[in-house]
Amino acid sequence: MKKVYTCFCTDVIHEGHLNVINQAKKYGEVIVGVLCDYQMIRYNRFPTISFDERVAMIENIEGVSGVVVQNEIFYDEILDKLRPDYVIHGDNWQTGPEAVIRNNVLYNLKKYGGELLEVPYTWNDSIKRVEDMSREKLAMPEFRRGRLHKLIDLCNVVKTIEVHSGLTGLIAEKTVVESQGALDQFDAMWISSLCDSTMKGKPDIELVDMSSRIRTIEEVMDVTTKPIILDGDTGGLIEHFVYNVRTLERIGVSAIIIEDKIGLKKNSLFGTEVQQTQDSMQNFCQKIHAGKKVQRTQDFMIIARIESLILEKGIEDALKRARAYVQAGADGIMIHSRKAEPDEIFEFCDRFRLENSKTPLVVVPTTFCSTYESELIQHGINIVIYANQLTRSAFPTMEHTAKMILRNHRTEEVEDQLTPFKKIITLIDNV
């Protein structure tokens, strides 16, 4: 009997999947691959059920002869192992990022004479409701909040991009690219105090209060599902910080990062050029401990940002503080630097990892921007935050457009540089 193979990367079965199975049965015995959790995150979205539950779900489909694990998005390994006569898939992968997967399947089938079968992609109101329900589940606070912990366990590094609005949240949520023979996307979103203030036309001195920050968070949450890390500046007074932790945890934020400075906030990129005062270890540890004490779940993370390198106090001071902050209950350590090379960051991480292999490490490579993620991984870094690039890329484009309109007294000269609104609104889901 001939062998037919298909791979599912879903946590809910609808009539579109059943149609693929029914078509496959006409050609032989049906073997279904279940994409592993890590690759599912890279390719599609975070699963709402466990891998074992996804396997059991496929095993219970009538007509499925066997279920296997597919450990890679591309089919080289699985097709070499199974050598099926046919691979079957919906025709929706003929365009877009998935087209590279289709080409990979065709290449591997050609090696031994296998054939690709494509069935019309099934889409209707019933399937849309199923997909919408799955997406809504991912967006719920109780599901979103704990996802950062899971991503740290699953991913070599959690790729995090700055967002400051619903639209930038959609860009972070839906941007998928083919890169180095794989599909990739961002894992989490960073809501920056600097960018949030800047987009409101306010200075970055903690002038924008937490109520306004939460409105930005809610705008992003309303249209996305990925976990959110909030830039919490200094965290403010301990008495205020504990209430903010409760609020952020309740609405589904995954983590807050607070820096060990006191007084009027000055952006860290100024370093010693402006007067900045680092908090005492004792006081900052009390703040961390107080925040952890009021949490209702284990999902929410308080990450301590150490400013010792920014203030040129050296690695020994940074390591001493890191030990104290972890002891006080910090769920992660962010180490910051404004130098153009990552050497001191890497030295800190290497030395920290010699004595602590578990506590997540976070970096923001704004100044050492030539450093690849693969290098960060080698030094034990778990989360990389691209902290302001979307805001910085938008500003020169908007300024240029404004100048061109003023100079030419019309818009024709800039039209070829502008994205059609029809393309922009494709990001926005209709209810």
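Heads up: numbering here begins at 1 and tracks the sequence. We use all heavy atoms of the structure for the numbers below, so side chains are in, but hydrogens, waters and symmetry mates are not. All values reported here derive from a predicted model rather than from experimental measurement.
- Salt-bridge annotation for K159 and D187: absent, with no side-chain N of the basic residue lying under 4.0 Å from a carboxylate O of the acidic one.
- At a threshold of 4.0 Å, the pair E347-R351 counts as salt-bridged, since one of the basic side-chain nitrogens sits closer than that to a carboxylate oxygen.
- Without hydrogens or angle criteria, E413 side chain to M404 main chain gives no donor-acceptor distance under 3.5 Å.
- Taking the side chain as every heavy atom from C-beta outward, P47 and R54 approach each other to under 4.5 Å.
- Under the 3.5 Å distance criterion, with hydrogens and angles disregarded, a donor-acceptor pair is assigned to the side chains of Y43 and E98.
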Inset, instruction - Would you check, one step at a time, whether the test side-chain contact (heavy atoms from CB on, under 4.5 Å) holds for H17 with M57? - result: CA-CA 12 Å; H17 301 111; M57 177 181 69; over 6 Å; no
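- E53 contributes a side-chain N or O that, together with a main-chain N or O of S50, makes up a donor-acceptor pair within less than 3.5 Å.
- Enclosure of atom NZ in K202 is not indicated, since only 12 or fewer non-hydrogen atoms of other residues, nucleotides or ligands lie within 6.0 angstrom.
- Between D125 and K128 there is no salt bridge, since none of the side-chain N atoms of the basic residue sits less than 4.0 Å from a carboxylate O of the acidic one.
- The shortest non-hydrogen separation linking V223 to G166 is CG2-O, 3.6 Å.
- Of the possible polar contacts, one joining the R42 side chain to the Q185 backbone as a donor-acceptor pair under 3.5 Å is found.
- At a cut-off of 3.5 Å, with distance as the only test, no side-chain donor of S308 or K320 sits close to an acceptor on the other residue.
- When atom types are taken as modelled, the side chain of N108 and the backbone of N104 share a donor-acceptor pair closer than 3.5 angstrom.
- The closest side-chain donor-acceptor pair between E15 and T122, if any, does not fall under 3.5 angstrom.
- Using a 4.5 Å heavy-atom cutoff, the side chains of F74 and I101 are in contact.
- Nearest heavy-atom pair across I258 and F284 is O-CZ, 3.4 Å.
- With respect to R323 and E355, a salt bridge is recorded, a charged nitrogen being found less than 4.0 Å from a carboxylate O.
- In this structure, I257 CD1 and M334 CE are separated by 5.5 Å, a value rounded to the nearest 0.5 Å.
- Between the Q417 side chain and the V414 main chain, no donor and acceptor come within less than 3.5 Å of each other.
- No side-chain donor-acceptor contact under 3.5 Å links D204 and T198.
- Considering only heavy atoms from C-beta on, Y325 comes within 4.5 Å of C285 through its side chain.
- Here CG of N382 is found 11.5 Å from CD1 of I333. Values are rounded to the nearest 0.5 Å.
- Annotation: side chain of E162 is in contact with side chain of W190 (closest heavy-atom distance under 4.5 Å).
- Open room surrounds CD on Q282; 12 or fewer heavy atoms of other groups in view lie less than 6.0 Å from it.
- Taking 4.0 Å as the cut-off between side-chain N and carboxylate O, K292 and D331 count as a salt-bridged pair.
- Between I191 atom CD1 and I256 atom CD1 the span is 11.5 Å, to the nearest 0.5 Å.
- The main-chain N or O of Y121 is found under 3.5 Å from a side-chain atom of D91 such that the two form a donor-acceptor pair.
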Inset, instruction - List the steps and the verdict of side chain to side chain donor-acceptor pair (under 3.5 Å) for T225 and R147. - result: CA-CA 10 Å; T225 66; R147 207 168 299 141; 4.6 Å; no
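- To the nearest 0.5 angstrom, I214 atom CD1 is 6.5 Å from N244 atom CG.
- Between the side chain of K287 and the main chain of G236, a donor-acceptor pair closer than 3.5 Å is present.
- In summary, of the residues considered (K261, K313, E259, E307), a side chain to side chain donor-acceptor pair (under 3.5 Å) with Q278 occurs for K313 alone.
- Using a 3.5 Å distance cut-off with no hydrogens or angles, the side chains of D196 and H164 do not pair a donor with an acceptor.
- Between the side chain of N156 and the backbone N or O of I377, no donor-acceptor pair lies under 3.5 Å.
- By the 30° and 60° cut-offs, the orientation of the rings of F346 relative to H379 is parallel.
- Atom NZ of K174 has more than 12 neighbouring heavy atoms from other residues, nucleotides or ligands inside a 6.0 Å radius.
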Legend entry - side-chain contact (heavy atoms from CB on, under 4.5 Å) between Y243 and V294, worked out: CA-CA 8 Å; Y243 282 98; V294 299; over 6 Å; no
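- One finds a salt bridge joining E131 and R45 here, because a Lys/Arg side-chain nitrogen approaches an Asp/Glu carboxylate oxygen to under 4.0 Å.
- Defined by atom type and a distance below 3.5 Å, a donor-acceptor pair is present between the side-chain atoms of S337 and E344.
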Inset, instruction - Apply the test side-chain contact (heavy atoms from CB on, under 4.5 Å) to residues C7 and H89: give CA-CA distance (whole Å), side-chain angles for both, the deciding distance (0.1 Å), then the verdict. - result: CA-CA 8 Å; C7 180; H89 197 280; over 6 Å; no
Inset, instruction - Assess whether side-chain contact (heavy atoms from CB on, under 4.5 Å) is satisfied between S165 and M199, documenting all intermediate values. - result: CA-CA 9 Å; S165 64; M199 295 308 293; over 6 Å; no
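- Formation of a donor-acceptor pair under 3.5 Å by the R250 side chain with backbone atoms of R296 is not found in this model.
- Contact check for K422 versus T426: no side-chain heavy atoms found under the 4.5 Å cut-off.
- Of all heavy-atom pairs between F348 and A322, the closest is CZ-CB, 3.9 Å.
- Here CD1 of I161 is found 12.0 Å from CD1 of I229. Values are rounded to the nearest 0.5 Å.
- A salt bridge does not link R145 to E142: none of the charged side-chain nitrogens sits closer than 4.0 Å to a carboxylate oxygen.
- Environment of CE in M140: crowded, with over 12 heavy atoms of neighbouring residues, nucleotides or ligands closer than 6.0 Å.
- In terms of heavy atoms, R353 sits closest to K358 at NH1-N, 4.0 Å.
- F51 and C36 get closest at one heavy-atom pair: CE1-CA, 4.0 Å.
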Inset, instruction - Begin with the C-alpha distance, continue with both residues' side-chain angles, and end with the deciding distance and a verdict on salt bridge (Lys or Arg N to Asp or Glu O under 4.0 Å) for K150 and D153. - result: CA-CA 5 Å; K150 295 174 182 176; D153 291 337; over 6 Å; no
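- Atoms OG1 and CD1, on T419 and I425 in that order, are 12.5 Å from each other to the nearest 0.5 Å.
- Side-chain contact between I345 and D343 is absent, with no heavy atoms from C-beta onward closer than 4.5 Å.
- Around NE2 of H289, the count of heavy atoms belonging to other residues, nucleotides or ligands within 6.0 Å does not exceed 12.
- At distances below 3.5 Å, at least one donor-acceptor pair connects side-chain atoms of S393 with backbone N or O atoms of L390.
- Listed here is the closest heavy atom pair of G291 and I302: C-CD1, 3.5 Å.
- In this structure, the side chains of L167 and I424 come closer than 4.5 Å at one or more pairs of heavy atoms.
- The number of heavy-atom neighbours closer than 6.0 Å to CD of Q94, taken from other residues, nucleotides and ligands shown, is above 12.
- Contact check for Y5 versus Q70: side-chain heavy atoms found under the 4.5 Å cut-off.
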